[in-house]
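Just below is one structure, and these are the notes that go with it.
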There are 2 protein chains.
Amino acid sequence: MQSFRSPIGLELSQTARVVSRAFDDALDQAGGSLPVWLILLNLKIRRPGNQRELAEAVGVREATLTHHLNALDARGLITRRRDAVNRRIHVVELTQAGEEAFLRMREAALAFDRRLNDGLTDADRDNLTGLLHRLAANVGAAENDSPPWAGLAEPPPKPGRRPTAAPGTGAAE
Amino acid sequence: MQSFRSPIGLELSQTARVVSRAFDDALDQAGGSLPVWLILLNLKIRRPGNQRELAEAVGVREATLTHHLNALDARGLITRRRDAVNRRIHVVELTQAGEEAFLRMREAALAFDRRLNDGLTDADRDNLTGLLHRLAANVGAAENDSPPWAGLAEPPPKPGRRPTAAPGTGAAE
DNA sequence: GTCGAACCATTTGACGTCTAATCATTAGAT
DNA sequence: ATCTAATGATTAGACGTCAAATGGTTCGAC
């Protein structure tokens, strides 16, 4: 029962910026950032058929994705080659260095997610998610129906993947 | 009770982006954007002593504020002049055109806030605000203690201000 | 076969944001 | 008085993002 409320959109914006900046700081130690982490993650767990799918999964436009892929290519973390059967498609793949960078970033992302969730119950999370979805729906957003956040967990050294965990940790922009 | 949860930081980020874009679209019709609206709003209701205060209230750095002030100056919505007693300070003031732009943007912002809050109770809003603050606290954010969102309401033609309402409508970045 | 439409990716040009460096002014110390 | 430090604002350079235009490639109709 607070008499004066800040506009909820502003609260959302400010919180998202603060959390996003903290996430970028955390990933910076591992040589990454939010979009870079999401690119590597999506290359690893799903197998995007083309860059359009990858861009959508990451949440950026194709032009922006190309930008990041150029940088990742220059750093030697990915390779791009034309698909033999459909030469319009650029097949993006992680290099060995890319795999290693992915593992480092996963550590940082998981640690951040634990920190962010400190003191929150499952009910709190469901509650928050529900409210956020209602806001998105109120401004006419199409629900992103693809939740590929499964099948990836802690084991960094061996690629033995266990079924359940919370891997893709993200932050706001 | 959903078995697979997207990381809460990612949910926050995506919702904030969607809502923010919708807000910018809404304000674009009135010739504005989120930072421009916040600048005019803060010039109108508080009386920032210097640009540092104004930048902090808007949520951008001083350099970014200068950027926007240049644009607003070029559009004839504000004026800047040196304070006579402390010539380091640029006194920023709304022109007549600036006042009119402020009123147009306020209409758009209030309409957006109504749309965003559709179907939400006061309890929902308090609930959401509380959860957002907990997330911000978990990543070590300093609570922004200045809530100047009061004393500004619907009456666009006459400056007779009523005590209670929700004026400053914001969105995410 | 050829040609137009659709598709995939990149390039171009713009904007908003940030950090770091710079310029001007004021305050404080001596 | 002068000098140094602090303060207020701007500029310079960089990055991430987007929309629109461009270059190749494939598909389908004819």
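The analysis underlying the following values was restricted to heavy atoms, covering all of them including side chains, and did not include hydrogens, waters or symmetry mates. So that the names make sense, note that chain A is the first sequence line, chain B the second, and so on, each numbered from 1.
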Separation of dC15(D) P from L34(A) CG (nearest whole Å): 18 Å
DNA chain D-proximal residues of residues 77-88 of chain B, any heavy atom under 4.0 Å: R80(B), R88(B)
Counterpart residues, side chain to side chain contact (heavy atoms under 4.5 Å, CB included), relative to A30(A) (two or more places apart): R104(A), M105(A), A108(A)
Sugar-phosphate, base or nothing in reach of Q51(B), heavy atoms under 4.0 Å: sugar-phosphate
Between dC8(C) (C1') and L65(A) (CG): distance, integer Å: 12 Å
Contact list for residues 63-77 of chain A, test salt bridge (Lys or Arg N to Asp or Glu O under 4.0 Å), sequence neighbours left out: D73(A)-R80(A)
Of P35(A) and V91(B), the one whose closest DNA chain D nucleotide lies more 5': V91(B)
Nearest listed nucleotide, side chain of N50(A), among dT17(C), dT11(D), dC8(C): dC8(C)
Along DNA chain D (nearest heavy atom to each residue), the more 5'-positioned of G49(B) and E62(A): G49(B)
Spacing between R52(B) atom CZ and dT7(D) atom P, to the nearest angstrom: 9 Å
Nucleotide dT19(C), atom C1' - distance to CG of D25(A) in whole Å: 13 Å
Whole-Å gap separating P (dC23(C)) and NE2 (H90(B)): 17 Å
All side chain to side chain contact (heavy atoms under 4.5 Å, CB included) counterparts of R82(A), not counting sequence neighbours: R87(A), H90(A)
Closest to side chain of I89(B), choosing from dA9(C), dC18(D), dA9(D): dA9(D)
side-chain N/O H68(A) vs dC15(D) OP1/OP2, d < 4.0 Å: no
Distance, rounded to the nearest Å, where N70(B) contributes CG and dT11(D) contributes C1': 10 Å
D28(A) CG - dC18(C) P separation (whole Å): 16 Å
Donor-acceptor contact present, side-chain S6(A) to main-chain E11(A), <3.5 Å: no
Under-4.0 Å side-chain N/O to phosphate OP1/OP2 contact, H67(B) with dT10(D): no
N127(B): side chain to side chain contact (heavy atoms under 4.5 Å, CB included) partners, not counting sequence neighbours: N127(A), L131(A), L131(B)
Atom pair distance, as rounded to whole Å: CZ in R17(A) and P in dG16(C): 15 Å
Side chain to side chain donor-acceptor pair (under 3.5 Å) against H68(B), all qualifying residues, sequence neighbours excluded: none
Terminal axis angle for the helix from dG1(C)-dC30(D) to dT30(C)-dA1(D), five pairs an end, nearest 10 degrees: 0°
Counterpart residues, salt bridge (Lys or Arg N to Asp or Glu O under 4.0 Å), relative to E100(A) (two or more places apart): none
Given dA19(D), dA20(C), dA9(C), the nucleotide with the shortest approach to the side chain of R61(A): dA19(D)
Residues forming a side chain to side chain donor-acceptor pair (under 3.5 Å) with E93(B), sequence neighbours excluded: R81(B)
Intermediate values then yes/no, side-chain hydrogen bond (donor to acceptor under 3.5 Å, both in side chains), T129(B) and D126(B): CA-CA 5 Å; T129(B) 299; D126(B) 288 346; 5.4 Å; no
Listed nucleotide nearest any side-chain atom of T64(A), set dC18(D), dT17(C), dT19(C): dC18(D)
Residues R125(A) and D122(A) bridged, charged N to O under 4.0 Å: yes
